[in-house]
Each structure stands twice: as C-alpha cells, then as structure tokens.
Amino acid sequence: MKYVLMFCETEQWEKNWEAMDQAERDRGFGQVQEWLARYSDKILHNRKLTGPDTATTVRLDGDSAPLITDGPFVEGKEVVSGYVEVEVADLDEAIGMARTWPGCPLVEIRPVLM
C-alpha cells in the first residue's frame, strides 16, 4: 500500500528550532538524513516544502470567479513542512515509520488512492 507521511511543524517546534545553535541544527539534519537512509527502500518520493508564507491559495466556488490569496489555505498553528510517499505492507508499517521520525513533532498519514 502507498501512504503519504506529512511532517507538520508547530509554532513551539519552530521557536525551539530557531533557538538552536548551528551544531544542534546540524545534528537534527543528520538524524533526518539517517531516517531517510534507513527507510530508503520504502520511500518513493520525499520533499521539504518552503514555509507557509510562500503559499498561494486558489479557492474555487463554482458560482464565482476563483479567489486567489497569499498564504496557506488554513490559518493554523501547525503547517505541513514536508512529506514522503512510501510503499509499505499496511498502515501499521507506516505508523511504525512515523513513530521513529526525528524531525518536527506531528506526522499525518494518509493512504494514496490508486
């Protein structure tokens, strides 16, 4: 089965990251690289996204012209910062991967429609 694991940052996580010195950040990046390498046989795609301040949203409301706005589609305290698409046996295996994610504190898992 294919799943997308979406990595979500929180405001507090972002503040903690900003407060780290370069050596701590380098350690964090290293842990993420190790995680990606450990699961490389299951990862089909992975990307880091730019910040939510770079988002553009197009709202389609069938009766009127599309509304284009700067910023994410939802104002929230959590933002998707990256993702991996994986091919695993089942949801339990995807959860097992998410449990070991060393980066931001939230991972949302969704099945990919075939």
Side-chain angles (χ1 to χ4, degrees):
M1 293 207 49
K2 291 182 182 177
Y3 291 90
V4 171
L5 282 63
M6 293 178 283
F7 307 119
C8 305
E9 296 177 1
T10 62
E11 289 177 353
Q12 186 59 52
W13 185 90
E14 184 65 30
K15 288 177 188 174
N16 293 346
W17 180 259
E18 292 297 322
M20 289 180 184
D21 64 27
Q22 192 57 49
E24 291 172 309
R25 287 186 192 161
D26 289 346
R27 260 192 310 283
F29 283 127
Q31 291 172 336
V32 168
Q33 291 303 316
E34 288 173 12
W35 187 91
L36 292 168
R38 180 175 359 149
Y39 295 110
S40 64
D41 61 326
K42 299 176 186 331
I43 295 173
L44 304 174
H45 306 283
N46 70 294
R47 292 288 182 263
K48 171 78 173 139
L49 303 175
T50 59
D53 58 316
T54 65
T56 299
T57 300
V58 178
R59 293 185 189 278
L60 305 171
D61 180 18
D63 295 335
S64 59
L67 176 63
I68 301 167
T69 57
D70 291 333
F73 74 98
V74 172
E75 291 294 324
K77 297 185 184 297
E78 301 161 357
V79 296
V80 176
S81 60
Y83 70 92
V84 295
E85 182 179 344
V86 299
E87 188 159 0
V88 293
D90 53 28
L91 178 58
D92 289 336
E93 189 173 2
I95 291 170
M97 290 175 67
R99 285 177 187 239
T100 64
W101 174 246
C104 47
L106 297 171
V107 180
E108 181 177 328
I109 303 169
R110 290 196 201 173
V112 174
L113 290 175
M114 302 292 191

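We use all heavy atoms of the structure for the numbers below, so side chains are in, but hydrogens, waters and symmetry mates are not.
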Fit a plane to each ring of F7 and W35, take the angle between them on a 0 to 90° scale, and name the class: parallel (under 30°), tilted (30 to 60°) or perpendicular (over 60°). perpendicular

How long is the straight-line distance from [atom2] of [Y] back to [atom1] of [X], given to the nearest 0.5 Å?
X    : Y   : atom1 : atom2 : result
I109 : M6  : CD1   : CE    : 9.5 Å
W13  : E18 : CH2   : CD    : 9.0 Å
R38  : Q31 : CZ    : CD    : 10.0 Å
R99  : D92 : CZ    : CG    : 9.0 Å

Under a 4.5 Å side-chain heavy-atom rule over Ile, Leu, Val, Met, Phe, Trp and Tyr, are [X] and [Y] clustered together?
X    : Y   : result
V86  : L44 : no
L36  : M97 : yes
I95  : V4  : no
L91  : M1  : yes
V107 : I43 : yes

If every non-hydrogen atom of C104 is compared with every non-hydrogen atom of S81, which pair is closest and at what distance? SG-OG, 3.8 Å

In terms of heavy-atom contacts, A94 and L5 come closest through O-CD2, 4.1 Å

Within the structure provided, determine whether [X] and [Y] are in side-chain contact (heavy-atom separation under 4.5 Å).
X    : Y    : value
T56  : D70  : yes
Y39  : T100 : yes
K42  : E93  : yes
V79  : L49  : no
T10  : L106 : yes
W101 : V32  : yes

Within a radius of less than 6.0 Å around NZ of K15, do more than 12 heavy atoms belonging to other residues, nucleotides or ligands occur? no

Heavy atoms of other groups near R25 CZ, more than 12 under 6.0 Å: yes

